[in-house]
Amino acid sequence: MESQTNKYLALILVTFLISLYYHPISATPQHGHAHFVLVHGAGHGAWCWYKLIPILKSQGHNVTAVDLAASGIDLSRAETLLSINEYIEPLMDLMNSLNVDEKVILVAHSFGGLAISKAMELFHDKVHMAIFVTALMPGPTFNFTFLSKGDVELAGALVRPQRLFSNEDTDTSLVLTRERYGSVNRIFVVSEKDKTLMKEFQLWMIKNNPPNHVEHIQDSDHMVMISKPLDLGDRLLSLAKKLA
């Protein structure tokens, strides 16, 4: 009974923290400041970025953390999703709502890499750069024939069931081109001690689909934004400064 109570209190606490730090898209972003769009992995939600968000905002940047469908506090249920396109629709809606001249920095964790890859293809002219934080990173000639089982080891009471979509659905929904997806600068952040997407697998993706730049975070597990928020924040802030 006590364990259930603690989990419930943890859920309330993290939801409260996210309510403090989450802000919708700014209509007129400040000059010289970036707009980060954070996309979670399988089974998680916007809440998982709660340590990183204040670090980015403390430097004056805009931050939007997205709940994909049937994730976080989104009310839909995983078993009702018919395709991966429905799962990533909240991110597509956000990208579609950006001002004509507004660009964002997409940051994805784990399974979220598929979501931002689709956004890069459809909205390449609205993306400054895409940062894959130990995330799945497909490409025009490099699609996955398997899917992650999810990022559940540290999410505790906040993890929600994640629908795993078929390889066929993923391959047909995630068609990427060099002209659009390939025009966006890609950065991959390697987590050295990740036991979900092992370092060897991360390096294999980098070898087969080389990004423009690679960062390494030492002594970090799969949940980099929670285990090493300062290290990750420093790297994101450094990258954003290059855009100012």
K.L.:
Residues in ring-ring contact (aromatic ring centres under 6.0 Å, His included) with F36, at least two apart?
P.N.:
H61
K.L.:
So, taking the atom named CG in L106 and the one named NE2 in H35, what distance separates them when rounded to the nearest 0.5 Å?
P.N.:
9.5 Å
K.L.:
Linking I/L/V/M/F/W/Y whenever any side-chain heavy atoms sit under 4.5 Å apart, do L203 and L136 land together?
P.N.:
yes
K.L.:
Which heavy atom of P54 sits nearest to which heavy atom of Y50, and what is that distance?
P.N.:
CD-O, 3.1 Å
K.L.:
Within a strict 4.5 Å, meaning less than it, do heavy atoms of the I105 and L239 side chains meet?
P.N.:
no
K.L.:
Under 4.5 Å between side-chain heavy atoms, hopping through other hydrophobics if needed: is there a path connecting F201 to V214?
P.N.:
yes
K.L.:
Going through the distances and angles, do M92 and L122 end up as a side-chain contact (heavy atoms from CB on, under 4.5 Å)?
P.N.:
CA-CA 8 Å; M92 302 305 110; L122 296 182; 3.9 Å; yes
K.L.:
Mind jotting down which residue pairs meet the salt bridge (charged side-chain N to carboxylate O under 4.0 Å, His left out) criterion with at least one end in residues 226-235? Sequence neighbours excluded, please.
P.N.:
E215-R235
K.L.:
Are H44 and F111 packed together at the side-chain level, in the sense that at least one heavy-atom pair is separated by less than 4.5 angstrom?
P.N.:
no
K.L.:
Any idea which heavy atoms bring L56 and V63 closest together, and the distance?
P.N.:
CB-CG2, 3.7 Å
K.L.:
List the residues meeting side chain to side chain donor-acceptor pair (under 3.5 Å) with K103, not counting sequence neighbours, and say none if there are none.
P.N.:
none
K.L.:
So do the side chains of Q59 and K57 get within less than 4.5 Å of each other, counting heavy atoms only?
P.N.:
no
K.L.:
Please name all residues satisfying side chain to side chain donor-acceptor pair (under 3.5 Å) with E192, sequence neighbours left out, ordered by chain then number.
P.N.:
K199, H216
K.L.:
Report yes if the side chains of F132 and I116 come closer than 4.5 Å at any heavy-atom pair, otherwise no.
P.N.:
yes
K.L.:
I'd like to check the side chain to side chain donor-acceptor pair (under 3.5 Å) partners of S183; sequence neighbours left out, ordered by chain and number.
P.N.:
none
K.L.:
Cut-off 3.5 Å, side chains only: do S191 and H222 have a donor facing an acceptor?
P.N.:
no
K.L.:
Would a distance-only check, ignoring hydrogens and angles, find a side-chain to backbone donor-acceptor pair under 3.5 Å from N99 to D101?
P.N.:
no
K.L.:
What's the shortest heavy-atom distance between N96 and K126, and which atoms?
P.N.:
O-NZ, 4.0 Å
K.L.:
Kindly write out the residues that satisfy side chain to side chain donor-acceptor pair (under 3.5 Å) with D93, not counting sequence neighbours, or none if the list is empty.
P.N.:
none
K.L.:
Sort out for me which residue in M129, R186, R180 forms a side chain to side chain contact (heavy atoms under 4.5 Å, CB included) with M120.
P.N.:
R186
K.L.:
A side-chain contact here means heavy atoms from C-beta on lying under 4.5 Å apart; do V104 and T64 qualify?
P.N.:
no
K.L.:
Side chains of T134 and I217: closer than 4.5 Å at any heavy-atom pair?
P.N.:
no
K.L.:
State, yes or no, whether a side-chain contact exists between P138 and L114 at a heavy-atom distance under 4.5 Å.
P.N.:
yes
K.L.:
For V127 and M95, run side-chain contact (heavy atoms from CB on, under 4.5 Å): C-alpha distance rounded to whole Å, both residues' side-chain angles, the deciding distance at 0.1 Å, then the answer.
P.N.:
CA-CA 9 Å; V127 183; M95 296 298 296; 3.8 Å; yes
K.L.:
Just say parallel, tilted or perpendicular for the rings of Y87 and H40, cut-offs at 30° and 60°.
P.N.:
perpendicular
K.L.:
Yes or no on side-chain contact (heavy atoms from CB on, under 4.5 Å) for I206 and V190, after CA distance, side-chain angles and deciding distance?
P.N.:
CA-CA 10 Å; I206 291 169; V190 175; 3.7 Å; yes
K.L.:
Determine, stepwise, if the pair F123 / L98 fulfils side-chain contact (heavy atoms from CB on, under 4.5 Å).
P.N.:
CA-CA 10 Å; F123 303 97; L98 294 172; over 6 Å; no
K.L.:
What is the distance from atom CG of D67 to atom CG of L94, rounded to the nearest 0.5 Å?
P.N.:
11.5 Å
K.L.:
Closest heavy-atom contact between I88 and L68?
P.N.:
CA-CD2, 4.1 Å
K.L.:
Please name the pair of heavy atoms, one in V184 and one in A130, separated by the smallest distance, quoted to 0.1 Å.
P.N.:
CG1-N, 4.0 Å
K.L.:
If only atom types and distance count, is the side chain of E121 paired as donor or acceptor with the main-chain N or O of L176 below 3.5 Å?
P.N.:
no
K.L.:
Identify the heavy atoms of N212 and N185 that sit nearest to each other, and give their distance.
P.N.:
OD1-CA, 3.2 Å
K.L.:
For the residue pair V189 and Q202, establish whether any side-chain heavy-atom pair is separated by less than 4.5 Å.
P.N.:
no
